[in-house]
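Have a look at the structure below, then the notes.
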Amino acid sequence: RADIFEKITKQPIGFFTNERKGDLISRVTNDVQEVENSVVNTLTVVFRDPATIIIYFGVLFVLSWKLTLITLVILPASGAIIASITKRLKKQSNEGQQSLGNILSIMDETISGLRVMLAFNARNYVSAKFNKENDRYAKILKSMTNRRELASPLSEVMGVSVVAVVLWVGGNMVFNGDMKASEFMFYIVSFYQILVPAKAISSSFSSIQRGLASAVRIFEVIDIEVAIKDSEKPTQLTNFEKEISFSNVSFSYGHEDVLKNINLTIPKGKMIALVGPSGGGKSTLADLIPRFYDVTEGAIKIDGINLKDYSMESLRSIMGIVTQESILFNDTIFSNIAFGKPNATEEEVIYAAKIANAHDFIMQTEEGYQTNIGDRGTKLSGGQRQRISIARAVLKNPQILILDEATSALDSESERLVQEALTNLMKNRTSIVIAHRLSTIQHADEIIVLRKGEIEERGTHNSLIEKGGLYKKLHGHALALS
């Protein structure tokens, strides 16, 4: 479990589709348990029962090697029949876990998008989708259970059949004088001692098959190559001194180019704004700085050193990020603000909340800073969640601040409070701001206009307006909407 969780946390943020997420959840919650059960159930069988069978077969060979050879032909044949029944369990176990992953994804999407589902009266559609996958999962489980339960009675029938054959052949040997009656009776008693561990081994086949299928899926996760990792001897970034520079930077998702030949310098203490049509590559460009992704071509440097040469922990330690979607956790307000700084004092948290214009509404909640905000902060409004996110960034006291459309989803009053908090946060910091509302970035030191992954325009607000290009067009649309 620890290895799987560690591998998940090291993947880039674009690694997890909904299907992959649901599949990983099912692996973490079920596959490890399945392997544990398989190991516990078969450990005794694997180490004790084969030794028991070998010892008793030695005794049987001494008593009658002819009858024992016949037995050695019959027992494997009966085992092969049982194995054929349980052979599909491994494949069905894979299908079952994939189906369970789909169910978990549907449930996660439904809970996350409950407001949208209800607003569009899509409950029947979602229910039908869930029931279809649930029925598929139920059929797979039913088939697996039937095969697993069939193994035990079948092993009993095969055991009785083998004994019947031994009695018939051995009885003939006694009548023909090839074996004494006393020896045959002792042979039967000894042979019966083999049947119990033999049936245990055959019954364990189904558990082993399920365990093997789960183990394969677990190792598939553990063996995933970490796409973004530190160099062998990374440099520790303790202080940001001069500038961030992009040199001929390009980035692509697979074969799709997102950024093309970006050249940009962000001096320390300056505010750089990224604007442009949706899909232009603004968020991707910002995500390259904390190495959420690695560049496909070119290099990004901080103070003249390539980002890849810094340790990721030290690189991200000097950065604070506030996104459009406030990512909060099912915990107290205090813990969410102190996230990433667990040793923060109450005074530090309160100070950060005040700068973020969050202290007043926090004190109006039932338990103040110890109030639980629910899953993803659902007990708070959008503006309140955003101010908690800003307080978290304030507490971190980052040297480099990345704001990704931090006010675009807010109403006017919440936007005013959040924008005031952001202004407080950006003082004396290097800031990269992504904004759709151009009124919030008019005082930026430089505005970068991106379209289709390329820099189309750059300059101050006034110079870009005078130029009369794409920025002026975007600004005109913004004024018309307002």
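Since the model is a prediction, treat every value here as computed from it, not as a measurement. Numbering starts at 1 and runs along the sequence shown.
When all heavy atoms of Leu450 and Lys282 are compared, the pair lying nearest together is CD1-CA, 3.9 Å. In this structure, Gly453 and Ile262 approach most closely via the heavy-atom pair O-CD1, 3.5 Å. Scanning both residues, Arg458 and Glu446, for their nearest heavy atoms gives NE-OE2, 3.0 Å.
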**Message:** Run the side chain to side chain contact (heavy atoms under 4.5 Å, CB included) test on Ile373 and Gln384 for me, step by step, so that the C-alpha distance in whole Å, both residues' side-chain angles and the decisive distance to 0.1 Å come before the verdict.
**Reply:** CA-CA 11 Å; Ile373 62 174; Gln384 290 172 338; over 6 Å; no

**Prompt:** Passes side-chain hydrogen bond (donor to acceptor under 3.5 Å, both in side chains), Glu366 versus Thr371? Steps please.
**Reply:** CA-CA 6 Å; Glu366 294 180 2; Thr371 300; over 6 Å; no

**Message:** Let's go through Phe251 and Val295 carefully: what are the C-alpha distance in whole Å and the side-chain angles of both, what is the deciding distance for side chain to side chain contact (heavy atoms under 4.5 Å, CB included) to 0.1 Å, and is it a yes or a no?
**Reply:** CA-CA 5 Å; Phe251 176 79; Val295 300; 5.5 Å; no

**Item:** Step-by-step salt bridge (Lys or Arg N to Asp or Glu O under 4.0 Å) determination, Arg291 to Asp294
**Value:** CA-CA 6 Å; Arg291 287 192 71 193; Asp294 272 342; 2.8 Å; yes

**Request:** Begin with the C-alpha distance, continue with both residues' side-chain angles, and end with the deciding distance and a verdict on side chain to side chain contact (heavy atoms under 4.5 Å, CB included) for Tyr471 and His461.
**Result:** CA-CA 9 Å; Tyr471 180 80; His461 170 74; 2.8 Å; yes

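For Lys301, the NZ atom sits in a loose shell: 12 or fewer heavy atoms of surrounding residues, nucleotides or ligands are nearer than 6.0 Å. Other residues, nucleotides and ligands place more than 12 heavy atoms under 6.0 Å from the CD atom of Gln370. Surrounding NZ of Lys270 are at most 12 heavy atoms belonging to other residues, nucleotides or ligands under 6.0 Å away. Annotation: Phe329, atom CZ; neighbour count of heavy atoms from other residues, nucleotides and ligands within 6.0 Å is above 12.
Residues Ser99 and Glu133 have side chains that bring a donor and an acceptor to within less than 3.5 angstrom of each other. When only modelled atom types and interatomic distance are considered, Asp331 and Asn372 share no side-chain donor-acceptor pair under 3.5 Å.
Side chain of Ser314 to main chain of Leu237: a donor-acceptor pair is present (N/O by atom type, distance under 3.5 Å, no hydrogens or angles). Of the possible polar contacts, none joining the Lys396 side chain to the Lys341 backbone as a donor-acceptor pair under 3.5 Å is found. A donor-acceptor pair under 3.5 Å is formed between the side chain of Asn131 and the backbone N or O of Ser127. Checked by atom type and distance alone, the side chain of Asn261 never pairs as donor or acceptor with a backbone atom of Glu454 at under 3.5 Å. In terms of modelled atom types and a separation under 3.5 Å, the side chain of Glu348 and the main chain of Thr345 share a donor-acceptor contact. Judged purely by atom type and a 3.5 angstrom limit, Thr365 uses its side chain to pair as donor or acceptor with the backbone of Ile362. Between the Gln386 side chain and the Thr323 main chain, a donor and an acceptor come within less than 3.5 Å of each other.
For the pair Ser283 and Ile434, the minimum side-chain heavy-atom distance is below 4.5 Å. The side-chain heavy atoms of Tyr369 and Ile333, taken from C-beta on, include a pair separated by under 4.5 Å. Between Thr235 and Tyr310, the closest side-chain pair of non-hydrogen atoms falls below 4.5 Å. Taking 4.5 Å as the limit, every side-chain heavy atom of Ile388 sits out of range of all side-chain heavy atoms of Phe339. Looking at Leu328 and Ser389, their side chains come closer than 4.5 Å, going by heavy atoms from C-beta outward. Side chains of Asn263 and Asn248 form a contact here, defined as non-hydrogen atoms less than 4.5 Å apart. Side-chain contact between Leu380 and Phe361 is present, with at least one heavy-atom pair separated by less than 4.5 Å.
Atoms CD1 and CG, from Ile448 and Leu264 in turn, are 5.0 Å apart once rounded to the nearest 0.5 Å. The structure places NZ of Lys268 at 7.0 Å from OG1 of Thr430, a figure rounded to the nearest 0.5 Å. Rounding to the nearest 0.5 Å places CD1 of Ile266 at 10.0 Å from CD of Glu243. The line from CG of Leu307 to CD1 of Ile289 is 8.0 Å long, rounded to the nearest 0.5 Å.
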